[in-house]
Amino acid sequence: MQPIQWYPGHMAKTRRMLEDQLKRVDAVVELCDARAPLASRNPVLGRMLSGKPRVLVLNKSDLADPAATREWLARFQREGVSVCAFDAMRGQGRDVIRLLEEAVAPAVERMARRGAVKTARAMIVGIPNVGKSSFVNRCLRRNAAQVADRPGVTRAEKWLRLTPTLEMMDSPGMLWPKLDDQEAARMLCWLGSLPDDIQDIEGLAESLLRRLMELAPRSTEERYHITGGGEEGESLLEAACRGRGWLLSGGRLDTERAARLTLDEFRSGKLGRITLERA
Ligand SMILES: Nc1nc2c(ncn2[C@@H]2O[C@H](COP(=O)(O)OP(=O)(O)OP(=O)(O)O)[C@@H](O)[C@H]2O)c(=O)[nH]1
Ligand SMILES: [Mg+2]
């Protein structure tokens, strides 16, 4: 199988832009996906941002297992990370804004001692499709940043005023040049942080179904009718395809459609709230 890799030119450009903007910001908000809080954090960002006040947001927490999210929050807090869970579809953002205000407080106080009122600046960063633009929109309570359910939507930095003294910068998603941990890379594909068209979509859906059978066997079996009914030697994707009646003319299995729908259903939480990585 081809290794999973995605580092187009615009990502190298994003990295340079972030490095440049970093000098101008007082804090960084890093978004990751609550369903895979390790796999969805960029190790390059970790090194790049060292020394900057930071807040980690486990976004899409509405799609993650709540007990698993509590464990992740406890683990990060033990490690001294300023962290909170968020749902950029419904969340109010008060917790995050409070953490962000704490993060920028030293810079604001430094300016206050000099008699000036500072506009604090925070940069929002993270891998593609974790919900950075949705997060910004939610905090702003208006649709200022473009959002879509595919990776690579935001292409340039964008500064937006959150309060009279706080500005936020939405940024394009960034991965790193070599995805060494291919198991983690596969999770990122399941989550939709890499484009589907750079890989074998049927292989991807098959591996996802296998993992779902371990993590949520009941809902997976029920949704795809794959208990016992499968034919000898059939893959899970073929069994799901037959179970759901995803057929082409002549009764042939439409495994490509099945693959797309299976991935979509997982990504939108149709199988329930499932966390891929445990703390
Ligand atoms: N259920 C759920 N969906 C979310 C959440 N945040 C974002 N989404 C959805 O995830 C998809 C990606 O959201 P974006 O805000 O465009 O993500 P992004 O990180 O800005 O993506 P890029 O700009 O491509 O890097 C969209 O379909 C959003 O509606 C969340 O907290 N919960
Ligand atoms: Mg975006």
Side-chain angles (χ1 to χ4, degrees), residues 2-34 36-60 76 81-83 86 88 96 100 103-104 107 120-137 139 144-160 162 167-199 277:
Q2 279 274 86
I4 302 168
Q5 213 56 254
W6 192 46
Y7 196 68
H10 64 80
M11 251 176 228
K13 195 171 141 227
T14 295
R15 179 180 175 157
R16 289 192 294 274
M17 179 278 288
L18 291 180
E19 276 167 341
D20 187 44
Q21 292 285 351
L22 201 53
K23 298 171 210 135
R24 300 187 185 93
V25 304
D26 305 292
V28 175
V29 179
E30 180 190 353
L31 259 72
C32 68
D33 192 309
L38 288 186
S40 66
R41 291 185 74 187
N42 183 339
V44 170
L45 274 177
R47 288 193 291 275
M48 234 168 81
L49 307 177
S50 74
K52 274 284 165 194
R54 268 154 86 176
V55 177
L56 176 65
V57 176
L58 311 188
N59 194 40
K60 304 200 182 186
F76 286 124
V81 178
S82 172
V83 64
F86 194 64
V96 196
L100 190 53
V104 300
R121 295 199 173 82
M123 182 160 99
I124 316 302
V125 299
I127 66 165
N129 209 38
V130 285
K132 298 175 294 300
S133 301
S134 306
F135 168 83
V136 167
N137 288 342
C139 291
Q146 191 197 344
V147 164
D149 62 353
R150 60 190 155 77
V153 173
T154 305
R155 283 304 173 93
E157 72 271 29
K158 185 169 187 170
W159 281 102
L160 297 151
L162 181 64
E167 285 181 2
M168 265 188 185
M169 188 192 87
D170 186 18
S171 70
M174 191 182 108
L175 287 163
W176 50 105
K178 190 164 187 290
L179 300 170
D180 287 308
D181 182 345
Q182 285 286 298
E183 196 172 332
R186 191 162 307 112
M187 277 186 225
L188 299 187
C189 294
W190 296 339
L191 295 172
S193 281
L194 277 78
D196 288 338
D197 58 12
I198 62 160
Q199 53 214 315
E277 286 179 311

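Between Ala145 and Asp170, the shortest heavy-atom distance links the atoms CB-OD2, 3.5 Å. In terms of heavy atoms, Lys132 sits closest to Ile127 at NZ-O, 2.8 Å. Between Thr154 and Ser133, the shortest heavy-atom contact is OG1-OG, 2.9 Å. Nearest heavy atom pair, residue Leu45 against residue Gly126, reads CD1-N, 4.1 Å. Shortest non-hydrogen contact noted between Pro128 and Gly152 is CB-N, 4.1 Å. Between Asn59 and Gly131, the closest heavy-atom pair is ND2-CA, 3.6 Å.
With sequence neighbours excluded, the residues satisfying side chain to side chain donor-acceptor pair (under 3.5 Å) with Asp196 are Arg267. Residues that satisfy the side chain to side chain donor-acceptor pair (under 3.5 Å) test with Trp190, not counting sequence neighbours, are Ser207.
Remark: the backbone N or O of Val130 is not paired with any side-chain donor or acceptor of Asp33 at under 3.5 angstrom. Of the possible polar contacts, none joining the Lys52 side chain to the Lys23 backbone as a donor-acceptor pair under 3.5 Å is found. Checked by atom type and distance alone, the side chain of Glu277 pairs as donor or acceptor with a backbone atom of Ala39 at under 3.5 Å.
Distance check: Arg186 CZ to Gln199 CD gives 9.5 Å after rounding to the nearest 0.5 Å. Separation of atoms CD (Gln182) and CE (Met187) is listed at 12.0 Å; rounding is to 0.5 Å. From Met123, atom CE reaches atom CH2 of Trp159 across 8.0 Å, with rounding to the nearest 0.5 Å. Residue Ser40 holds its OG atom at 10.0 Å from NZ of Lys60, rounded to the nearest 0.5 Å. In this structure, the separation between CG on Leu31 and CZ on Phe86 is 8.5 Å, given to the nearest 0.5 Å.
With a 4.5 Å cut-off on side-chain heavy atoms, Ser171 and Leu18 count as touching. Within the 4.5 Å cutoff, no side-chain heavy atoms of Pro195 are placed close to those of Arg150. Taking 4.5 Å as the limit, every side-chain heavy atom of Val147 sits out of range of all side-chain heavy atoms of Val153. Considering only heavy atoms from C-beta on, Met168 comes within 4.5 Å of Cys139 through its side chain. You'll find the side chain of Leu22 reaches within 4.5 Å of the side chain of Leu49, heavy atoms only. Side-chain contact between Met17 and Met169 is present, with at least one heavy-atom pair separated by less than 4.5 Å. The closest side-chain heavy-atom distance from Asp26 to Pro53 is not below 4.5 Å. Residues Ile124 and Phe135 are in side-chain contact: their nearest non-hydrogen atoms beyond the backbone lie under 4.5 Å apart.
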Show, in sequence, the C-alpha distance, side-chain angles and deciding distance for Met48 and Asn42, and conclude whether the side-chain contact (heavy atoms from CB on, under 4.5 Å) test is met. CA-CA 10 Å; Met48 234 168 81; Asn42 183 339; over 6 Å; no
Please lay out, stage by stage, how Val83 and Val57 fare under the test side-chain contact (heavy atoms from CB on, under 4.5 Å). CA-CA 6 Å; Val83 64; Val57 176; over 6 Å; no
When you look at Ser193 and Asn129, which way does the side-chain hydrogen bond (donor to acceptor under 3.5 Å, both in side chains) test go after all the steps? CA-CA 5 Å; Ser193 281; Asn129 209 38; 5.2 Å; no
side-chain contact (heavy atoms from CB on, under 4.5 Å) assessment of Leu188 paired with Leu175: CA-CA 10 Å; Leu188 299 187; Leu175 287 163; 4.1 Å; yes
Output side-chain donor-acceptor pairs under 3.5 Å for residues 4-14, partner residues at least two apart or in another chain, one line each.
{"unit_1": "Gln5", "atom_1": "OE1", "unit_2": "Leu179", "atom_2": "N", "d": "2.9"}
{"unit_1": "His10", "atom_1": "NE2", "unit_2": "Arg155", "atom_2": "NH2", "d": "3.4"}
{"unit_1": "Thr14", "atom_1": "OG1", "unit_2": "His10", "atom_2": "O", "d": "2.8"}

